Protein chains: 2
Amino acid sequence: MRESEKEIVRSLPLFSGMAPDHFEIMLKGSFLQKFPATVVLFSEQDHTDFLHVLVDGQVELFANANNREGTMTLIKPVATFVLASALADGAYQLSARTLQTSQILMIPAENIREVMALDSDFAQKTIVELAECYHGVVRAYKNIKLRTAVERLANYLLVQNRRQGDNDGLVLPVEKRTLASMLGMTPENLSRAFNTLKPYGVVIDGAEISLNNLSDLETLAKPSAHIDAN
Amino acid sequence: MRESEKEIVRSLPLFSGMAPDHFEIMLKGSFLQKFPATVVLFSEQDHTDFLHVLVDGQVELFANANNREGTMTLIKPVATFVLASALADGAYQLSARTLQTSQILMIPAENIREVMALDSDFAQKTIVELAECYHGVVRAYKNIKLRTAVERLANYLLVQNRRQGDNDGLVLPVEKRTLASMLGMTPENLSRAFNTLKPYGVVIDGAEISLNNLSDLETLAKPSAHIDAN
DNA sequence: ATTGCCGCTTGACATTTATCAAGCGGCTGG
DNA sequence: CCAGCCGCTTGATAAATGTCAAGCGGCAAT
């Protein structure tokens, strides 16, 4: 693993400020691996052997039940995933697949627990990170439980618009079928939801979306600081 | 606060094995309060001042959005709630109300963070607890995203049956309208879902439910160890 | 350039879930 | 004992969402 790659990982809030020797202990037995697109990294019932750090690419966390499959969340670099599972020393709870060619650092879950025991500052950062992850899932849960499909799409567009620089438009970062699954609907229903939003100034051109009437869209979406991420 | 009450709190995995002086530091400024039923304890946007421990009674965590309200989870004694919020030092994220007369120990969130910094064993236990809470929400999220209303009800009945001693029956621990909200449906729809389950041996008499054909019910429910709690 | 695949869209239709309205029946306060 | 409230149920209907089938159009391999 190159120094430049180590620096990328170190730049994460979770690992920043960690003593160099602790960082090295953690990386012992870790490896940075490159995966092609559409590869399943692990399944929900597998035992959690590694904390994953997505260095480059894109990863989808999903789950299966009753012959259905649903996207739970999308991971974008640079970010860790399955932290809670690595700490609880049980199953992953979610399956993961790459959506693009991805570089992933795999840190033995055991190392995380080991370093946490001897570095109370790292333990503190882990707790904060975990608490934030927890709130992320709570947000997602509220989103799907309290909003209709059209409302979820409208709010998604507003969040992406903000993240991409408030330019009254955005580029979808994933295929529409993946977006549909993430928003908890079928691809057909997503197409229709986009049509429903047309009167609210939403113009679709492939993956490029223009938002020409933000205030009307917000009236429909009723964005909430307690549901929508920053 | 009486010694017997302290013992109840201490019996929780989170606090067990904690040094007595650390336990006392944590309880400084804490108070055990009795609330009548139907009282709102806090709202989702409020700043998290206290970690709550439900000693006796029943509490509902819920959320509002778009003029809708939904039950997120039910707390039964003895258990802590809003741990993640207390650790993250932000808003509660969820609102809470009592469903019955309840006794609640309120521990200043600050105390938790303080003791965690000086008791690495407690920090460790907090992490495990938080990771379990995290998986609880992930389960709830999968449940609502991958199952229909009837399936959610069927699985709920199977879990309650197991928890209440595998006697081919159970008593609903909450009003049906609350159960409906927790399962993400209207009370009308819950009534109809119960009717749908009649051919699967589910007999309803008020709050008392008999399950006369577990194997058929399981075929419909398709219970999953990765969704349904233990 | 052509072919075939694949993601997306659209239409028709089915299913699921919610809404509105009415009524039943137990419980409780007077 | 009775009235009224409230939780629950049922029926009728509407809205939301999913399913199935067909077709369009870009893109990549040949």
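Just so it is clear, the model here is predicted, and its values are computed rather than measured. Within every chain, numbering begins at 1; the chains are lettered A, B, ... in the order of the sequence lines, protein sequences first and strands thereafter.
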**Report entry** Heavy-atom contact window of chain B on DNA chain C, given 5' to 3' at under 4.0 Å
**Finding:** C/dT17 to C/dC20

Report task. Report the distance from atom NZ of A/Lys198 to atom CG of A/Asn213, rounding to the nearest 0.5 Å. Result -> 16.0 Å

Query raised in the report: Measuring from A/Ser30:OG to A/Phe50:CZ, what's the distance to the nearest 0.5 Å?
Result: 8.0 Å

Between [atom2] of [N] and [atom1] of [X], the distance in whole Å:
X: A/Glu175; N: D/dG26; atom1: CD; atom2: P; result: 17 Å
X: B/Arg192; N: D/dA12; atom1: CZ; atom2: P; result: 11 Å
X: A/Asp205; N: D/dG26; atom1: CG; atom2: P; result: 11 Å
X: A/Leu183; N: D/dT17; atom1: CG; atom2: P; result: 11 Å
X: A/Lys176; N: D/dG26; atom1: NZ; atom2: P; result: 13 Å
X: A/Leu190; N: D/dA16; atom1: CG; atom2: C1'; result: 15 Å
X: A/Leu146; N: D/dA16; atom1: CG; atom2: C1'; result: 16 Å
X: B/Arg177; N: D/dT10; atom1: CZ; atom2: P; result: 19 Å

**Report entry** Salt-bridge present (A/Glu44, B/Lys142; N to O < 4.0 Å)
**Finding:** yes

Query raised in the report: Could B/Glu60 and B/Lys76 be called an ion pair, given the rule that one side-chain N must be under 4.0 Å from one carboxylate O?
Result: no

Report task. For the pair A/Tyr92 and A/Phe42, name the ring-plane relationship: parallel under 30°, tilted 30 to 60°, perpendicular over 60°. Result -> parallel

Requested in this report: Report yes if a side-chain nitrogen or oxygen of A/Asn189 is closer than 4.0 Å to either non-bridging phosphate oxygen (OP1 or OP2) of D/dA16; otherwise report no.
Outcome: no

Query raised in the report: Heavy atoms under 4.0 Å, any strand shown: does B/Glu188 hit a base, just sugar-phosphate, or nothing?
Result: base

Query raised in the report: Can any side-chain N or O of A/Lys145 pair as donor or acceptor with the backbone N or O of B/Ser181 at less than 3.5 Å?
Result: yes

